[in-house]
Student: 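Sharing a structure below in structure tokens format, with a few things to ask.
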Amino acid sequence: MPELPEVETVARGLREQIVGRRIVSVRLGKTDFIDDPAVLERNVPGRLIESVERFGKFLLLRLVMIPDVGAAAELEDEAAASLLVHLGMTGQIGPSAEAQPWEKHTHAGFLLDDGRELRYTDPRRFGRMAYLTAELLAREVGRAGADPLEVSAEEFVRRIRGRNARIKALLLDQGVLRGVGNIYADESLWKAKIHPAKVAGKLNRKEIESLRKGFKEILEKAIAMRGSSISDFLDATGTPGEYQRHHKAYGREGEACYRCKSTIRRGIVAGRSSFFCPKCQPVPRKFSALPLPVRMRKTKGAKKRITPGKRKRNL
DNA sequence: CTCGATCCCTGGACGC
DNA sequence: TGCGTCCAGGGATCGA
């Protein structure tokens, strides 16, 4: 599922492919993931894609009017605006040849002035798309948390201190940190040796700083490896990432911890599957891990995992 | 503030 | 081989 590194990877790909192109027309399929389809349909055509940015897990295509290209009078908003795209769980976006037929779950197409069509495809439609005026964009930005790549030790402490929620819930809270999702939360907690169910307010400074450095380093490394392709993440050019090969906790239930050889376990924290090492990441009292599925119980040698990133259930 | 439950949605894994 | 069932998860929402 696309989290910060995956979205960053997509943003970079899109940037070199579509910046400077003008959107000629818009074609929509199912629209239940679009904030206001009519407004989007009415305002996007005619605009130039000035830049592509990532904000947390959002992609932001900055759209500007081209001077003297007419049609301006019909637009409700002539100022700069943005097309916001959230990939949800299964969203993909990238340019295709216009002649190529839409895939089964393609729901939006933006015809570009070079003949290609920028397409959004998302089987589950957990994603989101919206045409945002500067004002609406400011609202989105306003409720977002800190950038995990930039947040200072002090600010992170401030956002964590005194909170009674479990640390993983806070890492996943986009209003605390923007861009961290289930995979990178688990990876960061494993690195910092902190159990996902630990109450955030009980972490000491050292643990908080270890966690901050942990997610920063992990996210940077994951970006360098073009993200993690677990189920079906593909970037703007249809290429999978590599970071899933480096996961230390996520998706490793029943396998040996790379630090201490204990068996990685899984539990539900903040309503999400959470993978952790019960030895390196001391389990809080009253928290119980899920029983290890029978098939994973230690036989003797040869671990029988399937394709990496293609494990049984959780993905 | 924080929790759990529920919903959205589809494909893939699993059991028979 | 085929079919029914369960489950995953980001995020919004609602009630406790």
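Owing to the predicted nature of the structure, the values given are computational and were not obtained by experimental measurement. By convention in this document, chain letters (A, B, ...) are assigned in the order of the sequence lines, proteins followed by strands, and residues within each chain are numbered from 1.
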Student: Verify the contact: side-chain N or O of A:His86 to OP1 or OP2 of C:dG11, cut-off strictly under 4.0 Å; return yes or no.
Tutor: yes
Student: Using a cut-off of strictly less than 4.0 Å between a heavy atom of the residue and any atom of DNA chain C, enumerate the qualifying residues of residues 167-186 of chain A by number.
Tutor: A:Gln174, A:Asn182
Student: Find the distance between CG (A:Leu137) and CZ (A:Arg139) and round it off to the nearest 0.5 Å.
Tutor: 11.0 Å
Student: So if I apply the ring pair (Phe, Tyr, Trp, His ring centres under 6.0 Å) rule between A:His195 and each of A:Trp190, A:Phe287, A:Phe275, which one comes out positive?
Tutor: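 For A:His195, the ring pair (Phe, Tyr, Trp, His ring centres under 6.0 Å) test succeeds with only one of A:Trp190, A:Phe287, A:Phe275, which is A:Phe287.
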Student: Is it the case that A:Tyr250 and A:Arg266 place a side-chain donor and acceptor less than 3.5 Å from each other?
Tutor: no
Student: Does the side chain of A:Arg124 get closer than 4.0 angstrom to OP1 or OP2 of C:dG9 through an N or O atom?
Tutor: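 So the side chain of A:Arg124 is outside the cut-off, no N or O lying under 4.0 Å from OP1 or OP2 of C:dG9.
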Student: Check whether the side chain of A:Arg272 and the base of C:dG10 form a donor-acceptor pair under 3.5 Å.
Tutor: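 Under the 3.5 Å cut-off, the side chain and the base do form a donor-acceptor pair.
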Student: May I ask you to say whether A:Lys191 pairs ionically with A:Glu217, meaning some side-chain N is under 4.0 Å from a carboxylate O?
Tutor: yes
Student: Working to the nearest 0.5 angstrom, can you tell me the gap between A:Thr9 OG1 and A:Met225 CE?
Tutor: 11.0 Å
Student: Can you find a side chain N or O atom of A:Lys30 that sits less than 4.0 Å from OP1 or OP2 on B:dT10?
Tutor: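 So the side-chain polar atoms of A:Lys30 do come within 4.0 Å of the phosphate oxygens OP1 or OP2 of B:dT10, strictly under.
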Student: So, A:Asp186 and A:Tyr184: side-chain donor and acceptor under 3.5 Å apart, yes or no?
Tutor: no
Student: Looking at the side chain of A:Phe126, which of B:dG11, C:dG10, B:dT2 is the nearest nucleotide?
Tutor: C:dG10
Student: Taking only side-chain nitrogens and oxygens of A:Arg163, does any of them come within less than 4.0 Å of OP1 or OP2 of B:dC1?
Tutor: no
Student: Nearest whole angstrom, please: distance from the P of B:dT2 to the NZ of A:Lys202.
Tutor: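 A:Lys202 atom NZ is separated from B:dT2 atom P by 14 Å.
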Student: Would you say A:Ser51 and A:Glu53 are linked by a side-chain donor-acceptor pair, where the criterion is simply a distance under 3.5 Å?
Tutor: yes
Student: Give a yes/no answer on whether the side chain of A:His105 brings an N or O atom under 4.0 Å of OP1 or OP2 in B:dG11.
Tutor: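 For B:dG11, OP1 or OP2 has a side-chain N or O of A:His105 closer than 4.0 Å.
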Student: Tell me: CZ of A:Arg125 to C1' of B:dC9, nearest whole Å?
Tutor: 6 Å
Student: If only side-chain N and O atoms of A:Lys104 are considered, is one of them under 4.0 Å from the OP1 or OP2 phosphate oxygen of B:dG11?
Tutor: yes
Student: What is the separation between atom CD on A:Gln92 and atom P on B:dG11, rounded to the nearest whole Å?
Tutor: 13 Å
